[in-house]
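Worksheet: one structure, shown below.
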Amino acid sequence: MTIKLGDLAQALGARLEGDESVEVSKLNEIGLADSSEISFLSNPKYLKYVKTTRAAALIVSEDMEIDFPNLLRSSNPKQSMLEALRLLNHQDRAIRPGIHPSAVINTEVSVPDSAEIGPGVVIEEGVELGESVVIESNTVICADSQIGDHCHLHPNVVLYPGSILGKNCIVHSGSVLGCDGFGFAVESGEIEKIPQTGNVIIGNDVEIGANCAIDRGSIGPTSIGDGTKLDNLVHIAHNVRIGKNCFLTGQIGIAGSTVLGDRVQMGGQSGVVGHLNVGDDVSIAGRGGVTKDIPDGAIVSGFPARSHREELKIQALIQKLPELVKVVKMLDKQINKT
Amino acid sequence: MTIKLGDLAQALGARLEGDESVEVSKLNEIGLADSSEISFLSNPKYLKYVKTTRAAALIVSEDMEIDFPNLLRSSNPKQSMLEALRLLNHQDRAIRPGIHPSAVINTEVSVPDSAEIGPGVVIEEGVELGESVVIESNTVICADSQIGDHCHLHPNVVLYPGSILGKNCIVHSGSVLGCDGFGFAVESGEIEKIPQTGNVIIGNDVEIGANCAIDRGSIGPTSIGDGTKLDNLVHIAHNVRIGKNCFLTGQIGIAGSTVLGDRVQMGGQSGVVGHLNVGDDVSIAGRGGVTKDIPDGAIVSGFPARSHREELKIQALIQKLPELVKVVKMLDKQINKT
Amino acid sequence: MTIKLGDLAQALGARLEGDESVEVSKLNEIGLADSSEISFLSNPKYLKYVKTTRAAALIVSEDMEIDFPNLLRSSNPKQSMLEALRLLNHQDRAIRPGIHPSAVINTEVSVPDSAEIGPGVVIEEGVELGESVVIESNTVICADSQIGDHCHLHPNVVLYPGSILGKNCIVHSGSVLGCDGFGFAVESGEIEKIPQTGNVIIGNDVEIGANCAIDRGSIGPTSIGDGTKLDNLVHIAHNVRIGKNCFLTGQIGIAGSTVLGDRVQMGGQSGVVGHLNVGDDVSIAGRGGVTKDIPDGAIVSGFPARSHREELKIQALIQKLPELVKVVKMLDKQINKT
């Protein structure tokens, strides 16, 4: 689509400084935008691009000092940028209701007319599908799973038997829900598999990135609360309970039976050992490795994870270890060698 | 199924303290069990649930001090719990012998009558399949692979050409066996791919979690010994040799040509660099990063990994660095400024 | 194939010390080779095998002191080994042009006669395929993606809509290109998904390991330059830009909008936080966690990553912390208690 800057400013609730008749068609990065596109500037790291960008206009804050032909001044530049993105760039993938003839669906399963079932999809006995679900190519839904309304499963997802997805969930390609937990008993040298008899229960509005693995519970479920988001390559072990509206960034791992509260945020490559309680509103920094219970609201980092403030102090002292050693050697010399 | 507590106690080899006529149907977590279910209590963390649980009975040790209507006293509570799980909760997935018509199987491949081949499965030329193998939906078995009796491959597994699986192995969804190792030669700025010509050889009774990647050897095999278990998202590089009965927890990585002995245990997110020898019965703690050979029986942690005892000591001293710095500053002041 | 040692020496540009009439058929590891195979020796760790190996001959350097019946002396043993590997072990997988009848290909898509499209492959509308592409079983190519000449996609790969692959790329099984980035806006407690509207652009001669996840850009592309190689289970977040001829080893993660220069090398399980610049020719050691910009040519390690030299020094001092504490305690005693 094409829109005039004047109309765009109005649509975004922004104030235009510049030529309202200029036509633009898309939002792009400041370093890549051409003269038919707009861009945005919030992180000062990117100020260097102002002189060279070919963008027709920039979304900026009300008070940013900047010399540029066309500015879209906003009291909430991030929100304006988000709206521009929705308005100009985003195209919802239209659902194409129907069942591809190559899909293999158990004859007893009822597929709503509003659902899209792609090529090569396999849906086993006892599965329940909500309205307007999209199940893309080669995804496999094993027996007795339930998928809520408006869920979107991308290609090559696997749901093990009995998995439950709430409404409006997105599962990206390669993710596996309901695989066996890592449970074994060793009796006099013999390894016995502990039966994994629980399932996975996912709430509403959950998004799961690509190539994640979420184990079924051993006894009882592994569960993820409403609104929680997982990035790629996340590992959730059996009987973990994750609260609502958590953000779990790429490559994190949570060991068995650990409980996370609501609104927990975990940075990339972080982890939590098993059988712990992590409170509400906890932040775990990237690479943080949690080895004990964490109270509500705490911000932790490092491995073993401690209060972020303490970790920063300790990291600063580690950085200064060479100086400390020098001082101690000097003192030792002063006292013991002279 | 439903069973009376008296009969259940007998089946578990436990001693009932309570009402033998109470009927129960399942084992559940103490916090989730209802009055038709039993639960168990071993970790003192969960003692708080004793007052509120609705469980009909609890499996506990012979000597646990606990006030509860019905107790199943066991000299080995973990084993009793495992047996209850098998007896009450576990349902073996029955094999449904036969080949789904949508499977694509090379015409020269002989599929045993006892085998179950699911929808969308692809089996290439030269593959050998054992008795009672289960190959679930959309799994791909490339040329010349061998799969031993009673193996169970979940949906969307990939075996590259020439992969060999022993008997009774389980491979969870999304795992890839036999992909190329990461081998390149750089000659005067030109990058050349080193041919990866070996394969993957897996022993008997091996379980591989979801979304793992096990490289084929460059020259010769990458191998995993009998009874070894891999959790999810584990990365095994080319020419790694893993012994028998090892436990490799989630998200660990082992770099090329490293050799692990028997009964090695590795915690989550740990790793070993290439070309090392890790002895028998070694334990590597979670997040441990091994950078040199480890002798038999050692327990190591940290990065670079050292003796666990030493690591604990060093971590304690790091925690106390702020105090140490204070003492040194005071001494410096006493000696040099007064 | 079988070749005489004399002819093999000539083919490899090596000098034979031994019996030129001995026939060999393969290159193998020194510990596994039998009498019809040759092997090689460069890492002194493997010298112990010289007495026991059954290999017919060994590739060694010109000056290695070694007593063995047949030696292939080379001024560049690694290159000779590589050539022997190509000559004796490697068999190119021959392309079998054609479209498997079970593949589901949008009727408007033009498939070159030289292409191989395997069973269960799904190719959506608007996809462009180069000459001699190989797309193996159950791989899914979503709408409007482009795949350059001679690309090889192994089974169960997924390309989201609009993904672009250059020429001669290899993508291993389970990898996902173009999944949504992890972008959410939280406005007064409400979580909104930020539309992910960019794509993934991969250069020529790129290899991507198994079970990787490469996010599409949020605005603009996520891109990977010519010649770059990714190992298994690598996570590349949205809007990351990776230069040419980089090596990214297993399980590394790169957070959003970070830019890597050319010839960057990252060791296993390392990572880079978002919005950073990593210069050309940077080396990041295994487990290194980069938290700030890195200039060209730097070698960094540790977390937070610092100059490798400094990190080694600090690690050595950490190792000696117990001694340091002892000295300080003694000094304190001398000054304050006597």
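We name chains A, B, ... by the order of the sequence lines, and we start the count at 1 in each one.
We find the SG-CG distance between A:Cys179 and B:Asp231 to be 8.5 Å, quoted to the nearest 0.5 Å. A distance of 10.0 Å separates NZ of B:Lys45 from OG of A:Ser257, quoted to the nearest 0.5 Å. Between atom CD1 of residue B:Ile335 and atom CD1 of residue A:Ile335 there is a gap of 3.0 Å, rounded to the nearest 0.5 Å. Put simply, OG on A:Ser218 and CE on B:Met81 are 6.5 Å apart, with the number rounded to the nearest 0.5 Å. The CZ atom of B:Arg263 lies 9.5 Å from the CD1 atom of A:Ile191; values are rounded to the nearest 0.5 Å. Here the CG-CD distance, from A:Leu317 to B:Glu323, works out to 11.5 Å after rounding to the nearest 0.5 Å.
Only the side chain of A:Leu321 has a heavy atom closer than 4.5 Å to any heavy atom of chain B. Contact annotation for A:Ala255: neither backbone nor side-chain heavy atoms come within less than 4.5 Å of a heavy atom of chain B. For a residue to count as touching a neighbouring chain, one of its non-hydrogen atoms must lie under 4.5 Å from one of that chain's; by this rule A:Val273 does not touch chain B. For B:Thr249, the parts sitting under 4.5 Å from any heavy atom of chain A are the backbone and the side chain alike. At a 4.5 Å heavy-atom cutoff, the contact between B:Asn43 and chain A is made by side-chain atoms alone. In this structure, the portions of B:Asn28 lying under 4.5 Å from any heavy atom of chain A include both its backbone and its side chain. For A:Glu310, the part sitting under 4.5 Å from any heavy atom of chain B is the side chain, from C-beta outward, and nothing else. Within the 4.5 angstrom heavy-atom criterion, only backbone atoms of B:Leu230 (N, CA, C, O) approach chain A. Interface remark: B:Leu27 contributes backbone and side-chain atoms alike to the contact with chain A (heavy atom separation under 4.5 Å). Heavy atoms of B:Gln319 lying under 4.5 Å from chain A belong to its backbone as well as its side chain. Residue B:Ile30 does not touch chain A at all, counting heavy-atom pairs closer than 4.5 Å. For A:Ile252, the part sitting under 4.5 Å from any heavy atom of chain B is the backbone (N, CA, C, O) and nothing else. Heavy atoms of A:Pro161 lying under 4.5 Å from chain B are absent altogether.
The aromatic rings of A:Phe184 and B:Phe247 are tilted relative to each other, their planes meeting at an angle between 30° and 60°.
With chain B as partner, the option from A:Asp180, A:Val328, A:Asn156 having the largest number of non-hydrogen pairs under 4.5 angstrom is A:Asp180. With respect to chain B, the highest number of heavy-atom pairs below 4.5 Å among A:Gly274, A:Ser270, A:Ser102 belongs to A:Ser270. For chain A, the option among B:Gln91, B:His90, B:Lys229 with the highest count of heavy-atom pairs below 4.5 Å is B:Lys229. With chain B as the partner, the residue from A:Arg241, A:Lys313, A:Glu124 showing the most heavy-atom pairs under 4.5 Å is A:Arg241. With respect to chain B, the highest number of heavy-atom pairs below 4.5 Å among A:Val176, A:Thr291, A:Ile318 belongs to A:Val176.
Heavy-atom neighbours of B:Arg93 CZ from other residues, nucleotides or ligands within 6.0 Å: above the threshold of 12. For OH of B:Tyr49, the number of neighbouring non-hydrogen atoms (other residues, nucleotides, ligands) closer than 6.0 Å is 12 at most.
Side-chain contact between A:Cys142 and B:His154: absent, with no pair of heavy atoms (C-beta onward) separated by less than 4.5 Å. Annotation: side chain of B:Lys329 is not in contact with side chain of A:Val327 (no heavy-atom distance under 4.5 Å). Contact check for B:Leu82 versus A:Pro195: side-chain heavy atoms found under the 4.5 Å cut-off. Counting heavy atoms from C-beta on, the side chains of B:Lys78 and A:Glu187 never come closer than 4.5 Å. No side-chain heavy atom of B:Glu136 sits less than 4.5 Å from a side-chain heavy atom of A:Val140. Under the 4.5 Å side-chain criterion, counting only non-hydrogen atoms from C-beta, B:Val325 is not in contact with A:Lys320.
For the side-chain contact (heavy atoms from CB on, under 4.5 Å) with B:Asn232, the qualifying choice from A:Asp215, A:Leu233, A:Val234, A:Ile236 is A:Asp215, the only one to do so.
For the residue pair B:Arg287 and A:Gly288, the shortest heavy atom distance occurs at NH2-O, 3.2 Å.
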Quick one: do B:Arg86 and A:Ile194 satisfy side-chain contact (heavy atoms from CB on, under 4.5 Å)? Show the steps, please. CA-CA 8 Å; B:Arg86 284 198 188 110; A:Ile194 299 176; over 6 Å; no
Could you walk me through whether A:Thr139 and B:Asn138 pass the side-chain contact (heavy atoms from CB on, under 4.5 Å) check? CA-CA 8 Å; A:Thr139 280; B:Asn138 290 345; over 6 Å; no
Go through the steps to decide whether A:Asn239 and B:Glu29 satisfy the test side-chain contact (heavy atoms from CB on, under 4.5 Å), and finish with yes or no. CA-CA 10 Å; A:Asn239 290 94; B:Glu29 289 182 56; 2.9 Å; yes
Show your reasoning for whether side-chain contact (heavy atoms from CB on, under 4.5 Å) applies to A:Val158 and B:His172. CA-CA 10 Å; A:Val158 177; B:His172 287 282; over 6 Å; no
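A salt bridge does not link A:Lys193 with B:Asp205: none of the charged nitrogens is closer than 4.0 Å to a carboxylate oxygen.
Side-chain contact, A:Gln251 with B:Gln269: no donor N or O sits under 3.5 Å from an acceptor N or O.
Here the side chain of B:Asn211 pairs a donor or acceptor atom with the backbone of A:Gly174 at under 3.5 angstrom. Within the 3.5 Å criterion, the main-chain N or O of B:Ser173 finds a donor-acceptor partner in the side chain of A:Tyr160.
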